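Report on the following structure.
Just so we're clear, the structure is a prediction, and the values are computed from it rather than from any experiment. Naming convention: chains lettered A, B, ... in sequence-line order (proteins, then strands); numbering from 1 in each chain. Only this structure's heavy atoms are used, side chains among them; waters, hydrogens and symmetry mates stay out.
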2 protein chains.
Amino acid sequence: MATLKDVSKASGFSVTTVSRALNGYDDVNKETRDKIMRIAKELGYSPNILARSLVKKQSKTIGFLVTDLKRESVKDNFMFETLCGVSDELSELDYEFVLLSTTTSKQKNKTYGQMCAERQLDGVVIQGLKRDDPYLLEAIESTVPCVLVDIPVEGINTGYVTSNQLESAKQAVRYLIRLGHRHIAFMNGAPHAYVSTVRYDAYRQVLHENGIDLNDEYVLNGDFEEAAAKNVSLPFLLNHPEVTAAFCASDVMALGVLQATRELGLNVPEDLSIIGFDNILLSQYVSPPLTTVGQQPYEMGKKAAKMVVSIVEGKDVPHEAFVNNQLILRESVTKNRR
Amino acid sequence: MATLKDVSKASGFSVTTVSRALNGYDDVNKETRDKIMRIAKELGYSPNILARSLVKKQSKTIGFLVTDLKRESVKDNFMFETLCGVSDELSELDYEFVLLSTTTSKQKNKTYGQMCAERQLDGVVIQGLKRDDPYLLEAIESTVPCVLVDIPVEGINTGYVTSNQLESAKQAVRYLIRLGHRHIAFMNGAPHAYVSTVRYDAYRQVLHENGIDLNDEYVLNGDFEEAAAKNVSLPFLLNHPEVTAAFCASDVMALGVLQATRELGLNVPEDLSIIGFDNILLSQYVSPPLTTVGQQPYEMGKKAAKMVVSIVEGKDVPHEAFVNNQLILRESVTKNRR
DNA sequence: CTTGCTTTCCGAAACGTTTCGGGTATAAAA
DNA sequence: TTTTATACCCGAAACGTTTCGGAAAGCAAG
């Protein structure tokens, strides 16, 4: 591989001048620069990023730290999509990008700080770590900038990007109400999970703002599982024929409800409108395709990457960002005709 | 960050000795080593990989080059799974891992060689590039080792890992025959595609080895599309009630056949056994869940990573590897009872 | 006493950059 | 003429490692 020195020799200029020419400094003659450029190209010179990083004390690389990059996470397009976002944005900003997984054997031996130090990471974006992961705590304390996706923790070198969980859930319920539904069931997941409470709040608030009394019997618990959701909704739908719509805290539970309707001979959306949450891959293939509120992990990844780079470069930017969840209209919801 | 020099000062030994102690050379006294180790730990020293790579002329990082790391590829769990495999294996082998995407704006400016040179990549694994992608050609020519997944090209610094396409397809057909099916339809995709020909060959050969005459009317063309498969199989199933099983060259086409049976009032698998190919996500959710032959991208990723590291380290290993596709038994196939 | 072998250590160069602090012309101003 | 400014260039040090080629000290053998 051609080095600066090679170009220097071939061109007759000093290493310094070659470097400055190639880096666009203005204290080099146009002719010299052209000549150097030409020769550099001829020799197929490309700068050694390692050497550059070493002296500049910054590597222009960002780490993407995830938990459990494993086979299991395959179904979870969420992580993959954020990854894509991060990657795209970083390559646009001309940064490198390395993938760090907390499950590697290394974690036992290495602290988060060492991980960053070794590779001279300029910053890191973190996704999907458990709230009590030691790396997470270290990251927040650390001096190397990091931004978290979907974990709202702010700090001097720390930012986060998350989505408008509450607003989007409310929007979904409002949508049902606008279509004339008054008797709306809510299929909740594990009731203590963060997202569950948020979505339940949304449900409650929108009902209230529309003057609809909350009926405790209408809130079910499907435990974020398809089978459980089906089992719990079967008797419910039998006993509550007045219910015309169901808002589900996740798509998988929505699928469970869908199955229940099928077994009862009900038609979706004519007899029951169903709206899910997550926009899982399957939701658009199922019949009828599921109306759902989808997050935009790709966008979150992009924003996270952008933010971390901004922090790295010392720009004064807000350390929080939001991306809007979107209500994705498909065919499992219709007007209430009763 | 603590450097070697810091440890040197704090311990009273030279930088050389510190380096050698930490790297396990045997020309350093046990006591000295212990002391140095202790102090290094106290100072939180961790080696600067960049500096090390610079002098050792090898970065211990492998690139994973994919085409089109974009939102669209999200559906394609294939790429993600290989990525996981590569990542897992590399972290086990103590290599770093950077993600390279060919669609970045950079590709216009940078050759493949430059990409590798800049980051001092030791090797790269390549997945999903079109056969005529300029990067692919460069990669094969290049002196930096690379291994391709699912692109059988062998070279001095090049290896590949692929799956036993033919064998696994044959296995699928054999499975049907073992269950007593004699009249087996074959739903082919675009007939000139590589995989199509392989799967067709499998079908033909297994029929032949079981003394079943090939009936040209039994091979259909569904063009790898659900709708096309359905349309072509509707009249076929009507005209050929003797057919008890269908082998489809892709899951989506299998879904099309499934639809056709539904419209005809046939039951799967009682009236028609169906076997697909690809193990798409949907295949396990559809009703009945689809028996299919699935590839193992995670394993391919692992093997590819392992191979490229072996080549990098100059080990004499075979430059090709295979991972077995697996017949995934679900509920769309049963014994022939006629 | 000299020689040679171990053991333990270290100085200095090297890797490929960037950058600080100049230097040398040439032209313009005094 | 001398000073000052400008345009262009360069030497050398620095970044944090690794490694080559010794060197000093201790000890055994001749």
Pair A:Leu22, A:Tyr45 - check side chain to side chain contact (heavy atoms under 4.5 Å, CB included), show working.
CA-CA 10 Å; A:Leu22 259 21; A:Tyr45 168 79; 3.8 Å; yes

Please assess A:Thr3 against A:Asn48 for the test side chain to side chain contact (heavy atoms under 4.5 Å, CB included), listing each intermediate value before the final yes or no.
CA-CA 8 Å; A:Thr3 74; A:Asn48 183 323; over 6 Å; no

Nucleotide [N], atom [atom2] - distance to [atom1] of [X] in whole Å:
{"X": "A:Arg33", "N": "D:dC9", "atom1": "CZ", "atom2": "C1'", "result": "13 Å"}
{"X": "B:Asn48", "N": "D:dA14", "atom1": "CG", "atom2": "P", "result": "18 Å"}
{"X": "A:Asn23", "N": "C:dG16", "atom1": "CG", "atom2": "P", "result": "17 Å"}
{"X": "B:Asp26", "N": "D:dT19", "atom1": "CG", "atom2": "P", "result": "14 Å"}
{"X": "B:Arg20", "N": "D:dT18", "atom1": "CZ", "atom2": "C1'", "result": "9 Å"}
{"X": "B:Glu118", "N": "C:dC15", "atom1": "CD", "atom2": "P", "result": "20 Å"}
{"X": "A:Gln58", "N": "D:dA14", "atom1": "CD", "atom2": "C1'", "result": "16 Å"}
{"X": "A:Gln120", "N": "D:dT17", "atom1": "CD", "atom2": "C1'", "result": "12 Å"}

A:Ser19 vs A:Asp27, nearer the 5' end of DNA chain C by closest nucleotide
A:Ser19

5' precedence on DNA chain C between A:Lys5 and A:Tyr25 (nearest-nucleotide basis):
A:Lys5

Given side chain to side chain donor-acceptor pair (under 3.5 Å), test B:Ser163 with B:Gln295 step by step and report yes or no.
CA-CA 7 Å; B:Ser163 58; B:Gln295 309 205 53; 3.1 Å; yes

Out of [options], which nucleotide sits closest to the side chain of [X]?
{"X": "B:Leu54", "options": "D:dT17, D:dG16, C:dT18", "value": "D:dG16"}
{"X": "B:Arg52", "options": "D:dC15, C:dC9, D:dT17", "value": "D:dT17"}
{"X": "A:Lys57", "options": "C:dT17, D:dC15, C:dC9", "value": "D:dC15"}
{"X": "A:Thr16", "options": "D:dC9, D:dC15, C:dC20", "value": "C:dC20"}
{"X": "A:Lys56", "options": "D:dT19, D:dC9, C:dT19", "value": "C:dT19"}
{"X": "A:Ala51", "options": "C:dT17, D:dT19, D:dG16", "value": "C:dT17"}
{"X": "B:Phe13", "options": "D:dT17, C:dC10, C:dG16", "value": "C:dC10"}

Taking the inter-plane angle between the rings of B:Tyr112 and B:Tyr135 on a 0 to 90° scale, is it parallel (under 30°), tilted (30 to 60°) or perpendicular (over 60°)?
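B:Tyr112 and B:Tyr135: perpendicular rings.
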
Which part of the nucleic acid does B:Thr32 contact within heavy-atom distance under 4.0 Å: base, sugar-phosphate only, or nothing?
sugar-phosphate

Give one of base, sugar-phosphate or nothing for B:Ser46, where a contact means two heavy atoms less than 4.0 Å apart.
sugar-phosphate

base_contact_polar (D:dG11 base, A:Ser14 side chain, donor-acceptor, <3.5 Å)
no

Can any side-chain N or O of A:Ser11 pair as donor or acceptor with the backbone N or O of A:Ile36 at less than 3.5 Å?
no

